[in-house]
There are 2 protein chains.
Amino acid sequence: MKDHRVTTENQYTLAEEDYIKAIYHICQQSQEAQTNDIADRLHTKPASVSDMLKKLADKKVLNYIKYRGVTLTEEGMKAALNLVRKHRLWEVFLVEKLNFSWDEVHEVAEQLEHIDSALLIERLDAFLGFPKFDPHGDPIPNEKGEFVVKPHIPLGEMEIGVTGKVLAVQDISASFLQYLNKVGIYIGAKVSILDKIDYDGSLEVKLDEQKTILVSKEVAKNIFVGE
Amino acid sequence: MKDHRVTTENQYTLAEEDYIKAIYHICQQSQEAQTNDIADRLHTKPASVSDMLKKLADKKVLNYIKYRGVTLTEEGMKAALNLVRKHRLWEVFLVEKLNFSWDEVHEVAEQLEHIDSALLIERLDAFLGFPKFDPHGDPIPNEKGEFVVKPHIPLGEMEIGVTGKVLAVQDISASFLQYLNKVGIYIGAKVSILDKIDYDGSLEVKLDEQKTILVSKEVAKNIFVGE
DNA sequence: TAAATTTTTTAGACAAAACTAAAAAATACT
DNA sequence: AGTATTTTTTAGTTTTGTCTAAAAAATTTA
Ligand SMILES: [Mn+2]
Ligand SMILES: [Mn+2]
Ligand SMILES: [Mn+2]
Ligand SMILES: [Mn+2]
């Protein structure tokens, strides 16, 4: 039957889009995307990834040399940024307009990002007031793929005594976000490190100049602070 | 890759959903859905429809006897009404919130109706103020599949001199709706027949107690009036 | 550097959903 | 009733995207 997406606007299948986006996200962290990393991220097998890499390379979406990691081409990058834009705009919509919590939006946005209508995204962007960041603090690219980057560091690397704001989270799993809800950490929260525990690397954190909480090294790695 | 829809909520593939909805719409007009009618509606070939009917019959979605038309089972009807509900709620969203015109929404809603999240639809419904009709005047089923039916007749069958309101349109093609925009006909417009032209069956229509327009028999068949 | 391990690719299958061409059933027309 | 036409189904392919098992290349380790 085909999905109803019109090919005049959209050149890639739903599966191809997910690969493009996965490769984009992996390359954000490590230059090149490895076959196994892509498979992990998409919950597929490496063999399936190899097949798709060949196909996407043929379509000039990525730079591929066998047995080497891949990177996105100019064209692939454009496609990826548009998908990221759509994903994050939908997340804003779900939180701002439909009262979703930030731990409930990812899965739905993972579907909505594939809706193919330039007009829809243009209008949605305007309806939301042209937001610059999504509910997890991640920047939203504009139509040209440009986005602002606020300088930020992991909470664990903040100096003792310095005060900063929570700007983003790296882990967007529901379990992590629900943990943050529970301890009272949110995007925009004012934080400062009171003490670093040598024994296990955990941190004593002053939150909003009110309560003091203890967060593990693992948690601290996944919270970005800045400003 | 699979679409990202979760199987706990959704039992049918995107293609299956489109077949279910097509069969529902055809059965609204003619008791049984014929293979060729389904193929026409979905722009597929009758051979493809036969394959799918067998599959959907196995899944207990429809009542199927070879060489006979099909009807939806209880379960198929439930699925169809949920799809119709989602389609129409999204159409309302596009028109009411994103300033789409009623001739621009169908294609996008055709994609959005497949997004799989009960929470999303529940919240969207509330956000829109629990609308009872979509931008084309079609009723929106509630979560249980119930909907209100306003009694209505084709404009062509209205008595001369009686005044009514445009309640819905049957043809939702962009070209038809754009024609209606041009002549000033919209859902809720006040209409009465001034005269019926014997020669070609066209109608002289008084619109909103202001201007008089002439509409063809074809057009009159696709406009429903009532109240 | 040679062996062991890990990563990636190839080969071969499979399911979903479409297609064309041909056969079979149902319906319409003398 | 018997033929012609239309409708529907079957048979056999194709494309997309997945999989497992096995081979090949790259990397790590001894
Ligand atoms: Mn996705
Ligand atoms: Mn996000
Ligand atoms: Mn659809
Ligand atoms: Mn509609």
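Chain A is the first sequence line, chain B the second, and so forth, proteins listed ahead of strands; every chain is numbered from 1. The shown structure was predicted, so the numbers you read here are calculated from the model rather than taken from an experiment.
- Contact annotation: B:T13 side-chain N/O to C:dA16 OP1/OP2 distance is not under 4.0 Å.
- The side-chain hydrogen bond (donor to acceptor under 3.5 Å, both in side chains) contacts involving residues 75-86 of chain A comprise A:Y12-A:E75, A:R85-A:D125, where partners must be two or more places apart or lie in separate chains.
- Within the structure, side-chain hydrogen bond (donor to acceptor under 3.5 Å, both in side chains) contacts touching residues 60-70 of chain B (residues at least two apart or in different chains) are B:N63-B:T71.
- Counting heavy atoms from C-beta outward, B:R88 and B:P139 have side chains that approach closer than 4.5 Å.
- Under the side-chain contact (heavy atoms from CB on, under 4.5 Å) criterion, A:K182 pairs with no residue at all, not counting sequence neighbours.
- Taking a 4.0 Å limit (strictly below) on heavy-atom distances, residues 57-65 of chain A reaches DNA chain C at A:Y64.
- Salt-bridge annotation for B:E113 and B:K21: present, with a side-chain N of the basic residue lying under 4.0 Å from a carboxylate O of the acidic one.
- Atom C1' of nucleotide D:dT15 and atom CE of A:M52 are separated by 12 Å, given to the nearest angstrom.
- Taking 4.0 Å as the cut-off between side-chain N and carboxylate O, B:R5 and B:E17 count as a salt-bridged pair.
- The CG atom of A:L53 sits 14 Å away from the C1' atom of C:dT10 (whole-angstrom rounding).
- Counting to the nearest Å, the P atom of D:dT8 and the NZ atom of B:K54 are 15 Å from each other.
- Not counting sequence neighbours, the partners of B:F224 by the ring-ring contact (aromatic ring centres under 6.0 Å, His included) test are B:H152.
- Comparing D:dT9, D:dC19, C:dT8 against the side chain of A:S48 picks out D:dC19 as the nearest.
- If you measure from atom CD of A:E32 to atom C1' of C:dT7, you get 14 Å, rounded to the nearest angstrom.
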Quiz item: Given B:D116 and B:H4, is the side-chain hydrogen bond (donor to acceptor under 3.5 Å, both in side chains) satisfied, shown in steps?
Solution: CA-CA 8 Å; B:D116 179 34; B:H4 302 265; over 6 Å; no
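- By the side-chain contact (heavy atoms from CB on, under 4.5 Å) test, B:A47 is found to be paired with no residue, residues two or more places apart in sequence or in another chain being considered.
- Residues that satisfy the side-chain contact (heavy atoms from CB on, under 4.5 Å) test with B:I187, not counting sequence neighbours, are B:W102, B:V166.
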Practice problem: Would you sort out whether B:H114 and A:D3 count as a side-chain hydrogen bond (donor to acceptor under 3.5 Å, both in side chains), showing the intermediate values? | Solution: CA-CA 9 Å; B:H114 302 285; A:D3 48 40; over 6 Å; no
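- Within residues 16-27 of chain A, the residues that place at least one heavy atom under 4.0 Å from DNA chain D are, in residue-number order, A:Y19.
- Under the side-chain contact (heavy atoms from CB on, under 4.5 Å) criterion, B:H106 pairs with B:H87, B:E91, B:E110, B:I172, sequence neighbours left out.
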Let me check something: any side-chain donor-acceptor pairs from residues 93-101 of chain A under 3.5 Å, sequence neighbours excluded? List them with distances.
| from | atom 1 | to | atom 2 | distance (Å) |
| --- | --- | --- | --- | --- |
| A:S101 | OG | A:D103 | OD1 | 2.4 |

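- For the segment residues 33-44 of chain A, residues with any heavy atom less than 4.0 angstrom from an atom of DNA chain C are, sorted by number, A:Q34, A:T35, A:N36.
- Separating the CG atom of A:D51 from the C1' atom of C:dT8 is a distance of 12 Å, rounded to the nearest angstrom.
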Give me the distances for all protein-to-nucleotides 21-28 of chain D N/O pairs that come in under 3.5 Å?
none

